[in-house]
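Nothing fancy with the numbering, it's 1 onward along the sequence.
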Amino acid sequence: MKKIEAVIKPFKLEDVKDALSQAGVTGMTVSDVKGYGRQQGHSELYRGAEYVVDFLPKIKLELIVADENVDSIIAVIIEAAKTGKIGDGKIFVSPVEKIIRIRTGEQDEEAI
Ligand SMILES: Nc1ncnc2c1ncn2[C@@H]1O[C@H](COP(=O)(O)OP(=O)(O)OP(=O)(O)O)[C@@H](O)[C@H]1O
C-alpha cells in the first residue's frame, strides 16, 4: 500500500476529485495548505493576479492505494490537474504500513 499526496491548484480540485471517483477511488483526505516550489510563489498567477508573497494557497489530497494502482492513479491526477503553467503542483508517494477501518476492524487492503 502506498500513500499518494498530491499538491494541486485549488481550482482543479473538482476535476481531480471527479476523475479519481471515475477511476474507482473511494476515499481521500483533502486539506487547504500553503506552499511554494522553485519559483517561491513569485511568478505564479493566482486568480488573475501575480502573487508577490512566498506562500500560495494549494490543495493537498491524500489517498492510500494498493501498490498495483499507484501508477494509474498518478496518471489520472496528472491528467486532471495539469495546466502546463508553473505551480501545477507535485505528487509524493510513500509506503503505508497499516490501515484499519475503525467500524469493522478490517485491515490493510480490505480497509482501503
Ligand atoms: N520539495 C517540496 N516539498 C514539499 N512540498 C513541496 C515541494 N515542492 C513543492 N511543494 C509543494 O507543491 C506545491 C506546488 O509546487 P510547484 O508546482 O510550485 O513546484 P515547482 O517545482 O516550482 O514546479 P513548477 O516549475 O511547475 O512550478 C508548492 O506550493 C508546495 O506546496
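- Taken together through direct or relayed side-chain contacts under 4.5 Å among Ile, Leu, Val, Met, Phe, Trp and Tyr, Met1 and Ile73 form parts of separate hydrophobic clusters.
- In this structure, the side chains of Pro95 and Lys3 stay at 4.5 Å or more apart for every pair of heavy atoms.
- With hydrophobic clusters built from ILVMFWY side chains whose heavy atoms lie under 4.5 angstrom apart, Ile77 shares a cluster with Leu13.
- When side chains are defined from C-beta on, Lys58 does not count as touching Lys34, because their heavy atoms never get closer than 4.5 Å.
- Within the 4.5 Å cutoff, side-chain heavy atoms of Lys2 are placed close to those of Asp67.
- Contact of the Val16 side chain with the Ile59 side chain is not registered, since no non-hydrogen atoms from C-beta on lie closer than 4.5 Å.
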(request) Applying side chain to side chain contact (heavy atoms under 4.5 Å, CB included), run through Lys98 and Ile100 and close with a yes or a no. (result) CA-CA 7 Å; Lys98 190 167 259 318; Ile100 300 151; 4.1 Å; yes
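- Within the 4.5 Å cutoff, no side-chain heavy atoms of Val33 are placed close to those of Phe55.
- Annotation: the span from Lys82 atom NZ to Lys12 atom NZ amounts to 11.0 Å, rounded to 0.5 Å.
- Rounding to the nearest 0.5 angstrom, the gap separating the CZ atom in Arg101 from the CD1 atom in Ile112 is 9.5 Å.
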(request) For Ile74 and Val93, run side chain to side chain contact (heavy atoms under 4.5 Å, CB included): C-alpha distance rounded to whole Å, both residues' side-chain angles, the deciding distance at 0.1 Å, then the answer. (result) CA-CA 9 Å; Ile74 288 173; Val93 180; 3.7 Å; yes
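- Smallest separation of non-hydrogen atoms from Leu63 and Met28: CB-CB, 4.1 Å.
- Between atom CD1 of residue Ile86 and atom CZ of residue Arg38 there is a gap of 9.0 Å, rounded to the nearest 0.5 Å.
- Partner of Ile64 under the side chain to side chain contact (heavy atoms under 4.5 Å, CB included) criterion, out of Ile99, Thr29, Val25: Ile99 alone.
- In this structure, Glu97 CD and Asp108 CG are separated by 10.0 Å, a value rounded to the nearest 0.5 Å.
- The distance from the CG atom of Asp15 to the CD1 atom of Ile8 is 8.5 Å, given to the nearest 0.5 Å.
- Linking ILVMFWY side-chain heavy atoms closer than 4.5 Å, directly or via other members, places Ile78 and Val70 in a single hydrophobic cluster.
- Under the 4.5 Å side-chain criterion, counting only non-hydrogen atoms from C-beta, Ile4 is in contact with Ile91.
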(request) Please test Glu5 against Lys90 for side chain to side chain contact (heavy atoms under 4.5 Å, CB included), starting from the C-alpha separation and ending with a verdict. (result) CA-CA 8 Å; Glu5 292 172 276; Lys90 277 189 189 171; over 6 Å; no
(request) Just do the side chain to side chain contact (heavy atoms under 4.5 Å, CB included) check on Lys60 and Val30 with the steps written out, would you? (result) CA-CA 6 Å; Lys60 184 169 81 169; Val30 177; over 6 Å; no
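- Considering Leu20, Asn69, Asp71 in turn, Leu20 is the only one that fulfils the side chain to side chain contact (heavy atoms under 4.5 Å, CB included) rule with Val76.
- By the 6.0 Å contact criterion, CD on Glu79 is open, its count of non-hydrogen atoms from other residues, nucleotides or ligands being 12 or less.
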